[in-house]
Amino acid sequence: YPTWKRTLSRRARESQMKRFCKAQAIQRRLEEIEVTFRELEQQGTKLEKLLREENESPADQQTQWTNQLLYLVQKKNNLMTEESDLMIAVQELKLEEQQCQLDEKLRSYMNKDDALKTPEDEKAEQEILKQLVEVVNKRNILIQLQEEKRLSEL
């Protein structure tokens with residue numbers, strides 16, 4: 001088993017573990033965001049009730065409640081933006097994993113001697129190459145989407 005094959009195999013495992021750890025971190029953050037959403041909803045509901053029911057309260061108290069409610073809305077919007085970014089990251093990880101798998105399959109076909117390749121092997125190699133190009137294009141679209149989003153936020 002040549003050294004370069006072991007190296008490629010080790011690097012593939014390492015990158016797979018990195019993607020797995022990143023996916024776990026994203027999942028944890030998405031769960032945290034969900035919990036925070038619920039808390040913000042509860043706080044917002046309480047503030048809305050106070051604003052609607054306490055018409056006799058001083059104007060400065062109502063202004064304070066309104067400001068708190070606006071702060072909660074802003075916080076929720078920020079979390080929604082973060083959640084959207086994380087969902088894009090999840091898609092990117094899936095495509096990256098798919099690309100690695102296709103790379104590995106394509107490499108196995110390309111390492112095969114041309115004289116030993118059957119027409120089915122050549123057809124499968126072309127199909128894998130086509131799929132690989134599609135995955136790369138999808139990743140490119142995601143990157144463009146992130147860049148457009150970043151520019152629009154500026």
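What you see is a predicted model; the values in this text were computed from it and never measured.
- For the atom pair L47 CG and K49 NZ, the distance stands at 11.5 Å (nearest 0.5 Å).
- Note on R150 versus E147: salt bridge recorded, some NZ/NE/NH1/NH2 to OD/OE distance being below 4.0 Å.
- In this structure, E83 and L30 approach most closely via the heavy-atom pair CG-CD2, 3.8 Å.
- The closest side-chain heavy-atom distance from Y71 to Q68 is not below 4.5 Å.
- Taking Ile, Leu, Val, Met, Phe, Trp and Tyr as members and joining any whose side-chain heavy atoms lie under 4.5 Å apart, directly or through other members, the hydrophobic cluster of L102 also contains I88, L95, L106, Y109, M110, I128, L129, L132, V135, L142, L145.
- Pairing each heavy atom of S15 with each of A12, the nearest pair is OG-O, 3.0 Å.
- The distance from the CD1 atom of I26 to the CZ atom of R19 is 12.5 Å, given to the nearest 0.5 Å.
- The closest donor-acceptor contact from the side chain of N111 to the backbone of R107 lies under 3.5 Å.
- Atom CD of residue Q42 and atom CZ of residue R38 lie 9.0 Å apart, to the nearest 0.5 angstrom.
- To the nearest 0.5 Å, atoms OG1 (T81) and NZ (K149) are separated by 6.0 Å.
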| From CA spacing to verdict: salt bridge (charged side-chain N to carboxylate O under 4.0 Å, His left out), R29, E82 | CA-CA 9 Å; R29 183 60 188 143; E82 184 181 356; 2.7 Å; yes
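- Taking CZ of R13 as the reference point, atom CG of L8 lies at 11.0 Å (rounded to 0.5 Å).
- The distance from the CD1 atom of I33 to the CE atom of M80 is 11.0 Å, given to the nearest 0.5 Å.
- Screening R11, K18, R10 for a salt bridge (charged side-chain N to carboxylate O under 4.0 Å, His left out) involving E14 leaves a single residue, R10.
- Inter-residue side-chain proximity for Q126 and E122 is flagged as unmet; no heavy-atom pair is nearer than 4.5 Å.
- Nearest heavy atom pair, residue K117 against residue D121, reads CA-OD2, 3.8 Å.
- When atom types are taken as modelled, the side chain of D103 and the backbone of C100 share no donor-acceptor pair closer than 3.5 angstrom.
- Side-chain contact between Q146 and E92 is present, with at least one heavy-atom pair separated by less than 4.5 Å.
- By the 6.0 Å contact criterion, NZ on K105 is open, its count of non-hydrogen atoms from other residues, nucleotides or ligands being 12 or less.
- Few gaps surround CD on E127; more than 12 heavy atoms of other groups in view lie less than 6.0 Å from it.
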| Derivation of the side chain to side chain contact (heavy atoms under 4.5 Å, CB included) call for V133 and N137 | CA-CA 6 Å; V133 168; N137 287 336; 3.7 Å; yes
